[in-house]
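Please read the structure below before turning to the comments.
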Amino acid sequence: MKLFRLCTIAICALALCTISCSDGEDGTDGIDGIEGKDGDNGSNGTNGVNGQNGQDGVGFDELTKFGDITVQLVGNRPDDEPFSDSRTFKFTPVEADAIASSNSVNTFGNSHEFEIRRYYANPDEEYQNNYIDFYILINNLGEDDEFLLSANMSVGNHTIIGDDGKFFQINDNFGLGDVVVLEFEFSDMAFDPETNNLSFAYRLLVDDEGNNSGNELTVSGEVDVTLLELIQ
């Protein structure tokens with residue numbers, strides 16, 4: 001009998017174990033946890049030390065050592081929008097065949113002839129040919145009877161670029177006595193024969209038919225240059 005009871009208990013235990021190990025249905029998924037907060041941004045690093053300025057290119061000093069011409073152009077564009085353009089032209093060609101027409105003084109008796117040209121950038125006939133040019137012939141410079149015999153100013157290949165992304169070109173020649181040049185004035189003209197330094201202020205008023213803007217144009221500025229004299 002004792003053996004029979006033990007067998008019965010063993011069978012019941014085995015049955016319970018089989019039932020408990022059978023597959024049941026999966027339970028409902030739990031609720032997602034709350035997302036964690038982003039970490040704080042780290043501090044910016046310290047700025048590095050600025051690099052040293054580079055050296056001027058070869059020839060820069062030679063091209064800029066003879067002084068400059070400032071110019072301000074004021075008027076209306078061909079589309080009648082107003083503009084004001086101010087630049088400094090400080091580059092001088094240094095080739096021997098260019099100096100005579102761009103940076104020279106000739107003296108004959110009581111007359112002085114000045115030929116001055118300065119470029120906006122390093123001179124190059126094809127790509128950097130934007131310049132201001134003066135030719136002046138004057139008698140008795142600095143005397144009470146000073147007399148201007150001839151004067152001419154050129155604005156070559158000059159581009160006026162507006163803030164609206166539009167541009168036009170001024171490529172004009174203005175001569176003393178030209179019908180289209182309403183005013184042509186020089187002031188404070190001074191020349192030192194020891195150093196060949198020439199300085200003056202200028203102002204021109206050109207009518208609408210005398211310049212590429214198609215409107216009346218005011219041209220003004222200052223010249224402070226050191227000229228060269230050819231040994232005859």
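Counting only distance, with no hydrogens or angles, the side chain of Asn215 and the backbone of Ser213 share a donor-acceptor pair below 3.5 Å. Looking at Asp80, its side chain never comes within 3.5 Å of a backbone N or O of Asn76 through a donor-acceptor pair.
When the shell of 6.0 Å around CZ of Phe108 is examined, it contains more than 12 heavy atoms from other residues, nucleotides or ligands. No more than 12 heavy-atom neighbours from other residues, nucleotides or ligands sit within 6.0 angstrom of CD on Glu209.
Placement of Val223 and Phe174 within a single hydrophobic cluster is found when ILVMFWY residues are connected by side-chain heavy-atom separations under 4.5 Å, directly or transitively. One hydrophobic cluster holds both Val155 and Leu176 under the rule that ILVMFWY side chains link at heavy-atom gaps under 4.5 Å. The hydrophobic clustering, which links ILVMFWY residues whose side-chain heavy atoms are closer than 4.5 Å, places Phe66 and Phe89 apart.
Contacts of Asp85 classified as salt bridge (Lys or Arg N to Asp or Glu O under 4.0 Å), with partners at least two apart in sequence or in another chain: Arg87.
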Inset, instruction - Given side-chain hydrogen bond (donor to acceptor under 3.5 Å, both in side chains), test Arg117 with Ser101 step by step and report yes or no. - result: CA-CA 7 Å; Arg117 175 176 288 195; Ser101 60; over 6 Å; no
Legend entry - side-chain hydrogen bond (donor to acceptor under 3.5 Å, both in side chains) assessment of Asn110 paired with Asn140: CA-CA 5 Å; Asn110 62 349; Asn140 303 321; 2.9 Å; yes
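Using a 30° and 60° split on the angle between ring planes, Phe184 and Phe186 fall in the tilted class, from 30° to 60°.
Looking at heavy atoms from C-beta onward, Asn129 lies in side-chain contact with Tyr119 at the 4.5 angstrom threshold.
For residues 220-232, the side-chain hydrogen bond (donor to acceptor under 3.5 Å, both in side chains) pairs, not counting sequence neighbours, are Asn197-Asp224.
A donor-acceptor contact closer than 3.5 angstrom is absent between the side chains of Asp68 and Thr88.
With rounding to the nearest 0.5 angstrom, the OH atom of Tyr131 is 6.0 Å from the CG atom of Asn157.
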